[in-house]
Amino acid sequence: MTESTTSGKADFSGIYNEMDALGYYPALQAVQYEIPQHGADLFSRLVDVRHHDDGRPPTILDVCCSYGIGGMLAKTDLTLDEVYQHYQEAAGKGLTGDQLIREDIELLSRRGRPGAPRVIGLDVAENATRYAKAIGAVDEAYAENLETSEPSADLARQMRDVDMITTTGGVGYVTEQTFGRLLDSSEQTPWVAAFCLRAYDYEPIAHALAERGLATEKASQSFPQRRFVDEAEQQWATTEVASRGLDPASMESDGRYYADFYLSRPERDVAQYPLRKLVPRTADPFPD
C-alpha cells in the first residue's frame with residue numbers, strides 16, 4: 001500500500017488523488033491517523049474567536065485539504081472515528097461514484113453544525129479537491145501548487161475573506177513559499193494555525209510569517225499523528241527528531257509520529273487571545 005520515499009517518510013501518494021475517498025480513509029485508519037481530530041478540536045476554539053460582529057461565519061483556508069476531512073469535521077459534529085466508520089460501511093455496500101457522493105452529502109447534511117465556518121480547500125490533487133467540493137466538505141476548492149506558482153486570480157480573490165489558514169498534515173509537502181504567497185495575496189492578516197511533524201523544521205515558515213507581521217507561538221505539548229508503517233520509517237523519523245535536538249523518547253521511539261502546533265497572528269491578537277487560553281496547556285514563544 002505504501003513505500004518509503006527517499007526522505008524516509010512513507011509515501012501515500014497512490015491514494016491522494018483518486019476519484020473518490022474509498023481508498024484514502026481505510027489506508028489512513030490502518031495506521032491510526034488521528035491528527036485531523038486534534039486539528040478539529042483546536043481549530044474549533046480558534047473559529048469561536050474569529051467570529052464576525054455581523055454574524056457571518058469565519059472563513060478557513062485548509063492547505064493540503066485532500067478529500068476535505070478538515071472541512072467535514074469543521075462543518076459537522078462528526079468525529080474522525082465516525083468518518084472512518086462511514087467509509088467502512090460504504091465500502092461494504094460496494095458504493096462508488098455518484099452513489100457514494102449522495103451518501104456523503106446526506107451524512108454531512110444530517111450532521112451539519114449551525115454557524116459552521118466557510119471552508120476553502122487547497123491541494124495539488126485535482127480529483128481529491130473536486131470530490132471534497134462535490135460532497136460539501138469544502139465550499140470552494142482549488143487544485144494549485146503554490147510552491148511553484150502564484151495563486152490564481154480566483155484564489156487571490158477568495159483570500160480577501162480568509163480569517164484563518166490551517167493545515168494538519170501539509171508541512172513537509174508545502175513550505176514557506178506557499179504560506180508567503182497566500183498571505184501576500186490577502187488584503188487582511190489571517191491567522192495561520194499549523195501542525196508540523198517534529199521531524200520537520202517549522203522555523204523557515206515562522207520566519208516568512210514574521211516578515212509579514214505575524215508572531216508565532218508554539219504549544220508546549222505535542223500531538224500524535226499516526227503510527228509508523230515500518231521500522232525503516234521509524235528509524236528515519238527518530239533520527240531526524242534527534243538531529244533537531246529533540247528527544248524521541250516516549251514519542252517517536254514508541255512507534256508514532258508526533259506533531260507540534262504553531263499559531264501565528266499579529267501581536268495585538270496574541271496579546272488579546274493568549275495561546276495558553278486557547279490550548280489546554282501553556283504555550284511557548286517561537287523565535288522570528
Side-chain angles (χ1 to χ4, degrees), residues 1-3 5 9-41 43-44 60-113 116-145 166-174 195 224-227 229 257 259:
M1 184 178 301
T2 64
E3 59 184 17
T5 65
K9 189 170 182 285
D11 179 12
F12 287 86
S13 59
I15 60 170
Y16 279 160
N17 201 28
E18 298 297 312
M19 298 302 293
D20 61 47
L22 278 180
Y24 176 81
Y25 286 106
L28 295 185
Q29 184 180 21
V31 292
Q32 300 171 7
Y33 188 70
E34 60 182 282
I35 199 68
Q37 186 65 64
H38 298 302
D41 294 341
F43 299 156
S44 66
I60 294 172
L61 175 71
D62 188 19
V63 176
C64 295
C65 69
S66 186
Y67 297 90
I69 181 56
M72 290 180 75
L73 297 179
K75 288 176 166 294
T76 71
D77 62 3
L78 289 164
T79 66
L80 182 59
D81 285 341
E82 288 177 311
V83 174
Y84 284 146
Q85 181 64 32
H86 168 71
Y87 284 99
Q88 277 186 335
E89 293 173 356
K93 291 187 287 187
L95 299 180
T96 57
D98 291 342
Q99 294 174 317
L100 180 60
I101 289 175
R102 284 195 294 271
E103 291 257 339
D104 288 352
I105 291 173
E106 192 279 330
L107 175 65
L108 270 65
S109 176
R110 177 163 45 87
R111 300 290 296 272
R113 190 192 307 273
R118 180 170 175 263
V119 179
I120 301 169
L122 173 66
D123 201 296
V124 296
E126 185 173 0
N127 291 330
T129 55
R130 185 185 299 117
Y131 185 86
K133 185 175 181 181
I135 66 173
V138 300
D139 298 280
E140 301 291 341
Y142 294 89
E144 300 184 21
N145 186 348
T166 65
T167 188
T168 53
V171 177
Y173 297 102
V174 298
F195 287 85
Q225 194 216 47
R226 67 166 171 84
R227 65 174 177 80
V229 300
Y257 276 115

task = Any chance you could measure Tyr87, atom OH, to Leu100, atom CG, to the nearest 0.5 Å?
result = 5.5 Å
query = Does any donor atom in the side chain of Asp81 or Gln85 lie under 3.5 Å from an acceptor atom in the other side chain?
reply = no
key: Arg111 bridged to Asp77 by N-O distance under 4.0 Å   = yes
inquiry  = Within this structure, what is the OG1-CG distance for the pair Thr166 and Leu61, rounded to the nearest 0.5 Å?
reply    = 7.0 Å
For the student: nearest non-hydrogen atoms of Leu22 and Ala90, plus distance = CD2-CB, 4.1 Å
Val83 side chain reached by Leu73 side chain, heavy atoms, under 4.5 Å = yes
query = Is it true that a side-chain atom of Asp139 and a backbone atom of Val119 form a donor plus acceptor pair closer than 3.5 Å?
reply = yes
Neighbour count >12 (heavy atoms, 6.0 Å) for atom CD, Glu126 = no
note = Nearest heavy-atom approach of Tyr142 to Thr129 is O-CG2, 4.1 Å
task = Please examine the side chains of Gln37 and Thr79, heavy atoms only from C-beta on, and report whether any two atoms are closer than 4.5 Å.
result = yes
query = Between the side chains of Asp104 and Tyr131, is a donor N or O closer than 3.5 angstrom to an acceptor N or O?
reply = yes
query = For the residue pair Ala21 and Pro26, what are the closest heavy atoms and their distance?
reply = O-CD, 4.2 Å
key: Whether Asn145 side chain and Val124 backbone form a donor-acceptor pair below 3.5 Å   = no
message = I'd like to know if the side chain of Ser109 and the backbone of Ile105 have a donor-acceptor N/O pair within less than 3.5 Å.
response = no
ask   = What's the spacing between Thr168 OG1 and Gln225 CD if we round to 0.5 Å?
value = 8.0 Å
key: Any side-chain heavy-atom pair of Gln88 and Gln29 under 4.5 Å   = yes
ask   = How far does CG of Leu80 sit from CD of Glu34, to the nearest 0.5 angstrom?
value = 8.5 Å
key: Contact summary for Gly170 and Cys64, nearest pair of heavy atoms   = CA-SG, 3.6 Å
query = What distance separates Glu140 CD from Arg118 CZ, expressed to the nearest 0.5 Å?
reply = 5.5 Å
query = Are any non-hydrogen side-chain atoms of Glu103 and Glu89 less than 4.5 angstrom apart?
reply = no
Closest approach of Ser66 to Ala132 (non-hydrogen atoms, all atoms of both residues) = O-CB, 4.0 Å
Polar side-chain atom of Arg113 near backbone of Leu78 as donor-acceptor pair, under 3.5 Å = no
ask   = Under the 3.5 angstrom rule, does the side chain of Asn17 hit a backbone N or O of Ala128 as a donor-acceptor pair?
value = yes
task = Considering non-hydrogen atoms only, spot the tightest contact between Tyr16 and Ala125 and give its length.
result = O-CB, 3.4 Å
request  = Would you give the length of the straight line joining atom OH of Tyr67 to atom CG of Asp20, rounded to the nearest 0.5 angstrom?
outcome  = 7.0 Å
